[in-house]
Amino acid sequence: MRVFVGILLPEALWGAVAALQGALGCGRPVAEEALHLTLAYLGEVDLPDLERLHEEISALPLAPFEVVMAGLDVIEAGDRTRALVLRLRPSPALEALQAKLVQAARRAGLDLERRRFRPHVTIVRFGKGLGETQAARLGHLLESRGDVVLPAWRVTGFSLIRSHLGREGAQYEVLADYPEPLR
């Protein structure tokens with residue numbers, strides 16, 4: 001199954017993100033319940049590896065910390081604009097958590113791509129790129145709201161999430177939350 005470890009955006013920030021998506025008025029907005037910050041993309045993982053990963057990340061300590069989304073940016077692939085994202089301000093606690101998760105995944109036997117962690121939340125996707133009108137709308141939003149700062153949010157946990165790909169985009173299923181809720 002296709003999985004990643006991430007932090008789902010709290011509902012308190014959905015309205016602010018929806019306002020940015022609406023101001024852009026093009027592309028495919030990411031659904032509120034799908035807004036997330038990817039900490040470690042794991043790719044296709046089989047059940048035994050997933051169970052080992054669960055054991056490894058269940059043992060990770062997590063001291064709550066705050067993060068702030070500040071600034072709009074675009075993700076490009078080749079000559080194509082793929083997504084509009086909200087960047088996160090540098091956070092030593094977030095970077096430490098991400099590094100611990102990558103180490104845990106490797107201890108569980110997963111072979112992860114080595115890439116620099118650039119924390120962001122994707123808010124709009126652009127399928128086959130931008131037409132002239134869409135590019136103008138994106139340019140205007142970046143110029144007028146590119147320095148947007150959303151309220152800080154307190155991170156108290158993260159999730160192991162399965163991604164189901166479909167015509168309407170990815171659908172996410174939370175497989176486990178960490179730290180695990182008390183029952």
Counterpart residues, side chain to side chain contact (heavy atoms under 4.5 Å, CB included), relative to [X] (two or more places apart):
X	result
Glu173	Arg162, His164, Leu175
Val74	Glu76, Thr81, Leu84, Leu138, Leu142
Glu55	none
Ala108	Arg52, Leu53, Glu56

Would you be so kind as to tabulate the donor-acceptor pairs closer than 3.5 Å made by side chains of residues 129-136, with sequence neighbours excluded?
residue, atom, partner, partner atom, Å
Gln134, OE1, Gly131, N, 3.2

Just distance, no hydrogens or angles: give the donor-acceptor pairs under 3.5 Å from side chains in residues 6-13, sequence neighbours left out.
none

Requested in this report: Quick one: list whatever passes side-chain hydrogen bond (donor to acceptor under 3.5 Å, both in side chains) with Arg115, sequence neighbours left out.
Outcome: Glu113
Query - Under the side-chain hydrogen bond (donor to acceptor under 3.5 Å, both in side chains) test, residues paired with Ser163 that sit two or more places apart - result: Arg2
Report task. List for me each residue that meets ring-ring contact (aromatic ring centres under 6.0 Å, His included) alongside His120, sequence neighbours excluded, and say none if there are none. Result -> none
Report summary line: In short, Gly157 meets Pro179 closest at the heavy-atom pair CA-CD, 3.9 Å
**Report entry** Heavy-atom closest pair, residues Gly127 and Arg80
**Finding:** O-NH2, 3.1 Å
Indicate if [X] and [Y] have the same hydrophobic cluster label, given that clusters are the connected sets of ILVMFWY residues with side-chain heavy-atom separations under 4.5 angstrom.
X	Y	result
Phe65	Ile57	yes
Val174	Leu160	no
Val121	Val149	no
Phe117	Val67	yes
Phe158	Met1	yes

Report task. Check whether any side-chain heavy atom of Val45 sits under 4.5 Å from a side-chain heavy atom of Leu110, and report yes or no. Result -> yes
Requested in this report: Take Leu60 and Tyr178 through the side-chain contact (heavy atoms from CB on, under 4.5 Å) test and state the conclusion after the steps.
Outcome: CA-CA 9 Å; Leu60 292 178; Tyr178 306 92; over 6 Å; no
Report task. Keeping to residues at least two apart or across chains, list the side-chain hydrogen bond (donor to acceptor under 3.5 Å, both in side chains) pairs with something in residues 140-161. Result -> Ser159-Asp177
Query raised in the report: When the ring centroid of Tyr41 is compared with that of Phe4, is the distance short of 6.0 Å?
Result: no
For residues 17-37, please give each side-chain donor-acceptor pair under 3.5 Å, one per line with the distance, not counting sequence neighbours.
residue, atom, partner, partner atom, Å
Gln21, NE2, Val30, O, 2.9
Gln21, NE2, Ile123, O, 2.7
His36, ND1, Ala34, O, 2.8
His36, NE2, Thr38, OG1, 3.1

Report task. To the nearest 0.5 angstrom, please state how far the CG atom of Leu42 sits from the CG atom of Asp111. Result -> 11.5 Å
Return a table of donor-acceptor pairs under 3.5 angstrom between the side chains of residues 86-106 and protein atoms on other chains or two or more places apart.
residue, atom, partner, partner atom, Å
Arg87, NH1, Leu72, O, 3.1
Ser91, OG, Leu94, N, 3.1
Gln98, NE2, Leu39, O, 3.2

